[in-house]
J.: 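My questions will all concern the structure given below.
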Amino acid sequence: MKKPLRIAVTGAAGNISYTLLFKLAAGEFLGVDQPIALQLVDIPQGMKALKGVAMELLDCGFPLLAEISLHDNPEEGFKDIDYAFLVGSRPRGPGMERADLMAANAEIFARQGKALNDFANPAVRVLVVGNPCNTNALIAQRNAPDLDSSQFTAMTRLDHNRTIGQLGQKLGVNPMGLTGLVVWGNHSPTMYPGLENAEALGMDVLDQIEDDWYKNTMIPTVQKRGAEIIGARGASSAASAAQAALDHMRDWALGSDDIVSMAVYSDGSYNVPEGLIFSFPCICQFGNWKIVQGMELSDFGVAAVQANVDELQGEMDMVKHLLPESKPAQVKN
Ligand code: NAI
């Protein structure tokens, strides 16, 4: 039997984790011959509910689940971990301004970045799901000076999968037949689902859909899907977010068959300023991601990418007091 790999999940008592943890334990992440140890992290007030989740995990009798431990702080929870799913974050409270929300989360992710730096396996791979995820990932990365910039990513895979869902339905094509689409930028309503390079069963997607449907129906649907789901379900997307987190990390660890959207450390590609955590077309191989170069962008796309750059720079300005001096870029990929 292989040695268990250690996976930390924060926000482990929350909604997304209530789906994610069971998928991880069932082997949907690293395969059915890889045992795992789950290190579940929540805040002290979440510990009672977290105990209940741990009981349910035990009650499933998962053969791959070698160990479960519960933690109310990241310093213990991140000890020796190989993978981190940073799902927990502070939701917006009544009367809270966006800047206050950014600042509250910045403190959480600064502490988590330091804990990853000091306690995790130095090769740890980190996915930030908790919003605002791009900027939270940036803060964690900047607070982990001994880790490589490429070890920190944020989740735009749900937006990518949502784009696939919309297109598949419109064209009557199975998701497997859709390739080359990219969600660019920030995980926010500004994100840009770009189809310049997308193909359905090998044929250009943009030749098969009306421009009006693309720009005035599909893009806003993907951008506002989170709010639409809250309106319908009375709760935010949880199962689809868990699936997307799993897709992101599985592809990163085991390789992606096609281009996928991942928010990663910008090396200046596509005129995105170096150091922003920005969603790009990525391909994953041998445990590393790489930004795919040379993808076509229309004038509409270039403007949309720039709007995301502006938004992310604005977010960074709001939290700059929590960003240690920039460390040199060290992208190994
Ligand atoms: P939830 O409110 O059900 O659960 C959040 C959990 O995080 C709670 O158990 C809470 O106690 C915990 N938590 C809060 N602060 C923490 C900290 N400092 N350390 C550890 N745990 C902490 O929320 P849900 O639905 O599970 O969503 C989690 C996050 O994911 C939210 O920020 C949400 O906006 C974000 N999200 C991101 C998506 C993306 O595509 N990037 C998609 C959907 C949700």
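Whatever order the structure lists them in is the order used to number ligands and atoms, beginning at 1.
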J.: Which one holds for Ile108 and ligand 1: side chain close, backbone close, both close, or neither close, with close meaning a heavy atom under 4.0 Å?
T.: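 Side chain only.
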J.: Regarding atom 8 (C) of ligand 1: of the candidates Val129, Val128, Asp42, which has the closest heavy atom?
T.: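 Nearest option to atom 8 (C) of ligand 1, by heavy atoms: Asp42.
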J.: Under 4.0 Å from any heavy atom of Ala13, which atoms of ligand 1 are there?
T.: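 What qualifies from ligand 1 is 9 (O).
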J.: Of the options Val292, Asp258, Val260, which is the one that meets Pro281 in a side chain to side chain contact (heavy atoms under 4.5 Å, CB included)?
T.: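 Testing each of Val292, Asp258, Val260 against Pro281, the sole residue satisfying side chain to side chain contact (heavy atoms under 4.5 Å, CB included) is Val292.
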J.: Could you list which atoms of ligand 1 come closer than 4.0 Å to a heavy atom of Ala241?
T.: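 Atoms satisfying the 4.0 Å criterion: 42 (C), 43 (C).
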J.: For atom 25 (O) of ligand 1, which candidate among Asn161, Asn131, Asn15 holds the nearest heavy atom?
T.: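 Residue with the shortest heavy-atom distance to the ligand atom: Asn15.
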J.: Which is closest to atom 32 (O) of ligand 1 in terms of heavy atoms, Ala12, Ala242, Ser89?
T.: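 Going through Ala12, Ala242, Ser89 one by one, Ser89 has the nearest heavy atom to atom 32 (O) of ligand 1.
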J.: Does only the side chain of Ser236 get under 4.0 Å from ligand 1, or the backbone, or both, or neither? Count heavy atoms.
T.: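 Under 4.0 Å from ligand 1, Ser236 contributes side-chain atoms alone.
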J.: For ligand 1, is there an atom lying under 4.0 Å from some heavy atom of Gln112?
T.: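 Judged by the 4.0 Å heavy-atom criterion, Gln112 does count as contacting ligand 1.
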J.: List ligand 1 atoms under 4.0 Å from Gly130, heavy atoms only on the residue side.
T.: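 Atoms satisfying the 4.0 Å criterion: 29 (C), 30 (O), 32 (O).
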J.: With no hydrogens and no angle check, just 3.5 Å: does a side-chain donor-acceptor pair link Gln313 and Asp317?
T.: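 Note: Gln313 and Asp317 side chains miss the donor-acceptor criterion.
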J.: Please list all pairs passing the side-chain hydrogen bond (donor to acceptor under 3.5 Å, both in side chains) test where one or both residues lie in residues 35-55, with sequence neighbours left out.
T.: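 Only Arg6-Gln39 qualify under side-chain hydrogen bond (donor to acceptor under 3.5 Å, both in side chains).
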J.: Tell me whether ligand 1 is touched by Pro91 - counting only heavy atoms on the residue side and a distance under 4.0 Å.
T.: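 Pro91 does not count as a contact of ligand 1 under the 4.0 Å cut-off.
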J.: Can you list everything that forms a salt bridge (Lys or Arg N to Asp or Glu O under 4.0 Å) with Asp82? Sequence neighbours excluded, please.
T.: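 Expected list: none.
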J.: Between Glu75 and Lys114, is the closest basic N to carboxylate O distance under 4.0 Å?
T.: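 Result for this pair is no, no salt bridge flagged.
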J.: Tell me yes or no: between the side chains of Gln166 and Thr221, is some donor less than 3.5 Å from an acceptor?
T.: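 On atom types as modelled, these side chains do not qualify, holding no pair under 3.5 Å.
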J.: Looking at every non-hydrogen atom in both residues, tell me the closest pair between Ser150 and Thr153 and how far apart they are.
T.: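 Looks like O-CG2, 4.4 Å.
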J.: Determine whether any heavy atom of Gly11 lies closer than 4.0 Å to an atom of ligand 1.
T.: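 Under 4.0 Å: yes for Gly11.
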J.: Do any heavy atoms of Ala238 fall under 4.0 Å from ligand 1?
T.: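 For ligand 1, residue contact (heavy atoms, under 4.0 Å) with Ala238 is absent.
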J.: Does any part of the side chain of Val272, heavy atoms only, come nearer than 4.5 Å to the side chain of Phe280, both counted from C-beta?
T.: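 Yes - at least one pair of side-chain heavy atoms lies under 4.5 Å apart.
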J.: Given that the side chain starts at C-beta and the backbone is N, CA, C, O, which of these parts of His187 lies under 4.0 Å from ligand 1, counting heavy atoms, or is it both or neither?
T.: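 Under 4.0 Å from ligand 1, His187 contributes side-chain atoms alone.
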J.: Kindly indicate whether atom 36 (N) of ligand 1 is approached by any protein heavy atom to under 4.0 angstrom.
T.: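 At least one protein heavy atom is under 4.0 Å away.
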J.: Can you say whether the rings of Phe22 and Tyr18 are parallel (under 30°), tilted (30 to 60°) or perpendicular (over 60°)?
T.: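 The arrangement is perpendicular - the two ring planes meet at more than 60°.
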J.: Within ligand 1, which atoms have a heavy atom of Val87 less than 4.0 Å away?
T.: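 Near Val87, the atoms of ligand 1 are 28 (C), 29 (C), 30 (O).
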J.: Check Ile277 against Phe152 and note the closest heavy-atom contact, atom names and distance.
T.: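 Reported closest heavy-atom pair: CD1-O, 4.2 Å.
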